[in-house]
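Okay, structure first, notes after.
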There are 2 protein chains.
Amino acid sequence: MATMKQVAERAGVSTSTVSHVINNTRKVSAEVRERVLGIIAETRYIPSAVARSLKNDRTHTIGMMVPNSSNPYFAELIQGIEDAAFKLSYNIILCNAYDDPVKQAAYLRVLLEKRIDGLILVASGADATLAELLSTASVPMVLVDREVAGVEADFIESNHEEGGYLATRYLVELGHRRIACVSGPADLQPSRDRVAGYLQALREADIAFDPACLVHSDFTSEGGFNAFRQLLQLPTPPTAIFASNDLMAIGGICAAAEAKVRVPEDLSVIGYDDIALASYSTPRLTTMSQPKYAMGELITQLLLARIARTGGEHLPLRRELLHTTLVERQSTAPPRSH
Amino acid sequence: MATMKQVAERAGVSTSTVSHVINNTRKVSAEVRERVLGIIAETRYIPSAVARSLKNDRTHTIGMMVPNSSNPYFAELIQGIEDAAFKLSYNIILCNAYDDPVKQAAYLRVLLEKRIDGLILVASGADATLAELLSTASVPMVLVDREVAGVEADFIESNHEEGGYLATRYLVELGHRRIACVSGPADLQPSRDRVAGYLQALREADIAFDPACLVHSDFTSEGGFNAFRQLLQLPTPPTAIFASNDLMAIGGICAAAEAKVRVPEDLSVIGYDDIALASYSTPRLTTMSQPKYAMGELITQLLLARIARTGGEHLPLRRELLHTTLVERQSTAPPRSH
DNA sequence: CTGTTAGCGCATTCAT
DNA sequence: ATGAATGCGCTAACAG
């Protein structure tokens, strides 16, 4: 691989001049510029971002830590971020923590060594070690969906409580009175928020909350499958279920089908996230749509704004709560008795 | 951020010694080692991989270019690769080319500047520019699913033709005679291979191929939805459809449901890929499973083997064709008339 | 308009 | 067992 020095020699100029024609950073005579450009093409010279980064203290690389990039919600979020980042000349290093704080810490360490310009973190666990590591790292950072105790950083999420509320209220308005909820892991704040919204909607409708109607699962299709099966075996099964994400809703619908429970005739199901497949599952899934693409763009913008100010005056901490919107499709309907 | 030099000064030793305690690369007295380690902890020193890379000419970073990381097939493949790479201390820079050769070229350029140690490429388009860029780049590389004319590199894919054949033969064995195929884009070799397998199975069963039964789509749920609708409106609709990927199969099943065509009673559907959601779609999807995780591991191993030999003797070019396996679930059954 | 030079942070060779 | 010195490839004062 050719180096700038070699290019300079062959062009009969200094590396300084070569550098400037590459970066358009100072006036260079047309003649010299052409000559240099010619040699660059001829030698297929490609500047080293590594060397440049060492000099500039900027890698134009962002670390993205998620629990699981195969989960369609994260996959779509990542894609939005990657897209926005590309437009701004940043690359993404993808890290799957699998909800393992140890693995997450190991990754963080590597990212810090690689001198990422910024970090987008959907935290797995929130042990003290993480807060410790993060606060001493002092890398520009934005937290998504999950806050980390003791870490001050921009934070973005959709309004989970509102989402849970709207989903449940929609079911109530359809005429349902026995409404169950399949929640995500109880130790995740977004899960709890969505449940809070669910309870709030129930309360407003004067529907007594039956603890048997709330089951905690794990945000996977399989988990949803099992949770629905359990709910459908209740003495008085629900006529509607709010699933805390689309994966569980889809798995749940599968369980309903196997139990000969028709959706939406016998059971209404509403999901959360609005992943791409929700539009084409059978039946098409009614769901609370999270603005994933907008989130991706906003996250990237916030992070880059913070990166731009590194060392400068402190930007005020931002906390963004995005709205979710109801997408009515075919998995919900008024209850049978109506 | 502390530097090695600062650590050295505070510990009263040379940077050389600090470097050696960090890398365990030569004997250091216990006393000095402890002192250095103490200062490192105290100053929260984190070595710079950037500087190290400049020196070593290795970034421990791999570029991964895919058409679309939200497609569950790629998402799961990426995860397998990312997993395997992590174990071997490599990170992944994720790039979405969106089937746009221009965007792909732009990304490639950046990856080359960042001096990635290797490239995993699921090529979008294969114009001459790409071959040109790639061959002069001389970065260790493995191609996945799509070959690039004029580029010699390791190549990995599943045996698409065999997969298409097995899927179709399975439908034949179930008793179907009118079997349609929803293919991926005609300009993609894997699409063509799967179709070839489909045709082969038809031929073996002495079933005349009806061109109306082969429709080309785009590997998306929406595309599958439209393709199925078209097929179901045929004067003599098929009793079974082989969809070239799960996304299209799932979208197609949605179309069938809306046309009051029951799966599998009225229509058998078999997909391809075996994405995670296939197990929990309604009905559970019968499909040809691609060994995504194994592919991810193999890809990573091949690439790292090649990276290790950089500059050394040439490793023979490898061409790996992995087997797909039939996963029988609930979207297929004998035809009604049986 | 162009060149010289120093230094980014580290690994490593050569001394001692 | 340790240190001094060099250079990886580049950018950016500074000088002319």
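None of these values were measured; they are calculated from a predicted model. A, B, ... follow the sequence lines: proteins, then strands. Residue 1 opens every chain.
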Nucleotides 13-16 of chain C: which of its N/O atoms have a protein N/O under 3.5 Å away?
none

| Residue pairs passing the side-chain hydrogen bond (donor to acceptor under 3.5 Å, both in side chains) test where at least one lies in residues 295-306 of chain A, sequence neighbours excluded | A:Asp154-A:Arg306
| field | Helix axis bend for the helix from C:dC1-D:dG16 to C:dT16-D:dA1 - C1'-based end axes, five pairs, 10° rounding | value | 40°
| field | Side-chain donor or acceptor of A:Lys114 paired with backbone N/O of A:Leu112 under 3.5 Å | value | no
| note | Sorted by chain and residue number, the ring-ring contact (aromatic ring centres under 6.0 Å, His included) partners of A:His20 (sequence neighbours excluded) come out as none
| task | Could I get the full list of ring-ring contact (aromatic ring centres under 6.0 Å, His included) partners for B:Phe155, not counting sequence neighbours? | result | none
| request: Kindly write out the residues that satisfy side chain to side chain donor-acceptor pair (under 3.5 Å) with A:Arg10, not counting sequence neighbours, or none if the list is empty. | output: A:Glu42
| task | Quick one: label A:Val28 by what it contacts on the DNA or RNA (base, sugar-phosphate, nothing), any heavy atom closer than 4.0 Å. | result | sugar-phosphate
| task | Please report the shortest heavy-atom distance between B:Arg26 and B:Ser16, naming the atom on each side. | result | NH2-OG, 3.5 Å
| request: Tell me, please, the opening and closing nucleotides of DNA chain D, 5' to 3', among those with an atom under 4.0 angstrom from a non-hydrogen atom of chain A. | output: D:dG9 to D:dC14
I'd like a table of atom pairs between the protein and nucleotides 7-10 of chain C - only N or O on both sides, under 3.5 Å - with the distance next to each one.
unit_1	atom_1	unit_2	atom_2	d
C:dG7	N2	A:Lys55	NZ	3.3
C:dG9	N2	B:Ala51	O	3.4
C:dC10	OP1	B:Tyr45	OH	2.4
C:dC10	OP1	B:Ser48	N	2.9
C:dC10	OP2	B:Met4	N	2.5
C:dC10	OP2	B:Tyr45	OH	3.3

| request: Go through the structure and list residues passing ring-ring contact (aromatic ring centres under 6.0 Å, His included) with B:Tyr73, not counting sequence neighbours. | output: none
| field | Partner residues of A:Phe86 under the ring-ring contact (aromatic ring centres under 6.0 Å, His included) criterion, sequence neighbours left out | value | B:Tyr107
| Can a side chain N or O of A:Ser14 be found less than 4.0 Å away from OP1 or OP2 on C:dT4? | no
| request: Any chance you could lay out the side chain to side chain donor-acceptor pair (under 3.5 Å) test for A:Thr59 and A:Asp117, step after step, and finish with the verdict? | output: CA-CA 6 Å; A:Thr59 54; A:Asp117 290 343; 3.3 Å; yes
| query | A:Gln79 and B:Asn68: side chain to side chain donor-acceptor pair (under 3.5 Å), yes or no, with the steps? | reply | CA-CA 8 Å; A:Gln79 193 157 15; B:Asn68 181 336; 3.0 Å; yes
| note | The side-chain contact (heavy atoms from CB on, under 4.5 Å) partners of A:Tyr45 (sequence neighbours excluded) come to A:Ala2, A:Met4, A:Val7, A:Ile22, A:Ile40, A:Thr43, A:Pro47
| note | Residues passing the side-chain contact (heavy atoms from CB on, under 4.5 Å) test with B:Thr129, sequence neighbours excluded, are B:Asp127
| request: Give a yes or no answer on whether the side chain of B:Ser19 reaches the backbone of B:Thr15 with a donor-acceptor pair at less than 3.5 Å. | output: no
